[in-house]
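The chains referred to below are lettered A, B, ... by the order of the sequence lines, with proteins before strands, and numbering in each begins at 1. Since this is a predicted model, take the numbers as computed values, not measurements.
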Protein chains: 2
Amino acid sequence: MDSAAKVLRAKGMMATRLSEIAEGAGMLAPSIYYHFKSKDVLVEKVMLEGIYRNTRYILAAVEGKNAGIDPVERLRTGIRAHVEFLLSDDDYSSAVARVFPELPEEMRGRVLAAYAAFENCWRDLIVAAHPKGGSIDAPVARKYLIAMLDSTPMWYRRGKLKPAQIAEQAADLFLGGYLAAG
Amino acid sequence: MDSAAKVLRAKGMMATRLSEIAEGAGMLAPSIYYHFKSKDVLVEKVMLEGIYRNTRYILAAVEGKNAGIDPVERLRTGIRAHVEFLLSDDDYSSAVARVFPELPEEMRGRVLAAYAAFENCWRDLIVAAHPKGGSIDAPVARKYLIAMLDSTPMWYRRGKLKPAQIAEQAADLFLGGYLAAG
DNA sequence: GTCTATAATCAGATAGAC
DNA sequence: GTCTATCTGATTATAGAC
């Protein structure tokens, strides 16, 4: 699964070959079938694991000691955590960001319950921080926030800007707009 | 090409079958090869056409009579235009949003010159509107803006919110954050 | 548990008739 | 320009030895 997550993160679902996953795990493609019934099942398990990790990581950050109880600061903490996790060496988190949008209909359905927990986590943070008289729909804000953050691994390249700085700018950008619009 | 754009918009590149494109054009798969040398060439032409359309549409809106010369209003106009175009019945614009991120390395290279024009269009609008002492990097803002907007067709469903309202919220969200952060 | 075959499937691409 | 028929190649998946 670790190898699968690594390849999926880099290539997406359709372009990922079982042979490449196997290579990363030090075996040949047919051996995978001893562990998983099919490619779809393997991808699905990676998705579930990644969604759980993402959700847990955000919740842990938000509930952590430094988070406090101010809803805006909690949301900011969640955004920072998600971006930094996506840019970390954890392959599952960014595999989800990359693969989930291109999942076949039928598989997305099976993963949806887990994904709902992830989205609900954001929904709660966003609704709690909603400004009085704000004009932006919470669901629209959530979709745009997730799309923004999940895009980060696709274009970020190590350079003068560190992940923590990107995370901070993502938080500034979203929160500035979300809180200001009213 | 129209049929290809329609299928690509809905399924992405890897999941798009030549047979389905052919069906939409009222022919069978092999007939496509009379018009295009390969599937890749066809997809590439759709991408180029889509990128040009997107760029032209934004520029036309920004240079239009209602745009004025205030840089912030120009950027707002560009955002509104792009979102509404993505949600229109034009298949090329959203095909780009969907397919470009998953293009194979080698093809992305060939499309990159055209895509640069699209990104430069945003770069100019964003730089012109950059607030004094703003803390958000223009390139980061551009990547996040494009990711936000391009995600719209993936989750928007016709309902109580009309495309124009989504476009307005996208503009409020981005501009609020971009202008406020300083 | 992993391997070496080998099937089974499928989609992109070609040949040649019409 | 489009068709039918076919080829090619890649990839998922199975069978059975070790």
Problem set entry | Ion pair Arg76(B)/Asp172(B), N-O distance below 4.0 Å |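 Salt bridge between Arg76(B) and Asp172(B), a charged N being under 4.0 Å from a carboxylate O: yes.
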
Exercise. Pro30(A) side chain: which of dT12(D), dA15(D), dT4(D) is closest?
Worked result: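 Of the options given, the side chain of Pro30(A) lies nearest dA15(D).
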
Main chain of [Y], side chain of [X]: is a donor-acceptor contact present, judged purely on distance under 3.5 Å?
X	Y	answer
Arg98(B)	Ala10(B)	yes
Tyr92(A)	Asp2(A)	yes
Glu102(A)	Met13(A)	yes
Arg9(A)	Asp90(A)	yes

Exercise. For DNA chain C, whose closest nucleotide is more 5', that of Gly26(A) or that of Ser19(B)?
Worked result: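 Per heavy-atom nearest nucleotide, the more 5' residue is Gly26(A).
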
Which whole-number value in Å describes the distance from [X] [atom1] to [N] [atom2]?
X	N	atom1	atom2	result
Tyr33(A)	dT14(D)	OH	C1'	9 Å
Lys39(A)	dT11(D)	NZ	C1'	8 Å
Leu28(A)	dT14(D)	CG	C1'	15 Å

Exercise. Is any side-chain N or O of Arg17(A) closer than 4.0 Å to OP1 or OP2 of dT12(D)?
Worked result: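 So the side chain of Arg17(A) is within the cut-off, an N or O lying under 4.0 Å from OP1 or OP2 of dT12(D).
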
Exercise. Which of these passes side-chain contact (heavy atoms from CB on, under 4.5 Å) with Phe36(A): Leu42(A), Leu18(A), Ile21(A)?
Worked result: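 Considering Leu42(A), Leu18(A), Ile21(A), a side-chain contact (heavy atoms from CB on, under 4.5 Å) with Phe36(A) is found only for Leu42(A).
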
For this session: Anything under 4.0 Å to a heavy atom of chain A counts; send over the first and last such nucleotide of DNA chain C, read 5' to 3'.
Result: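 From 5' to 3', the first and last contacting nucleotides are dG1(C) to dA5(C).
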
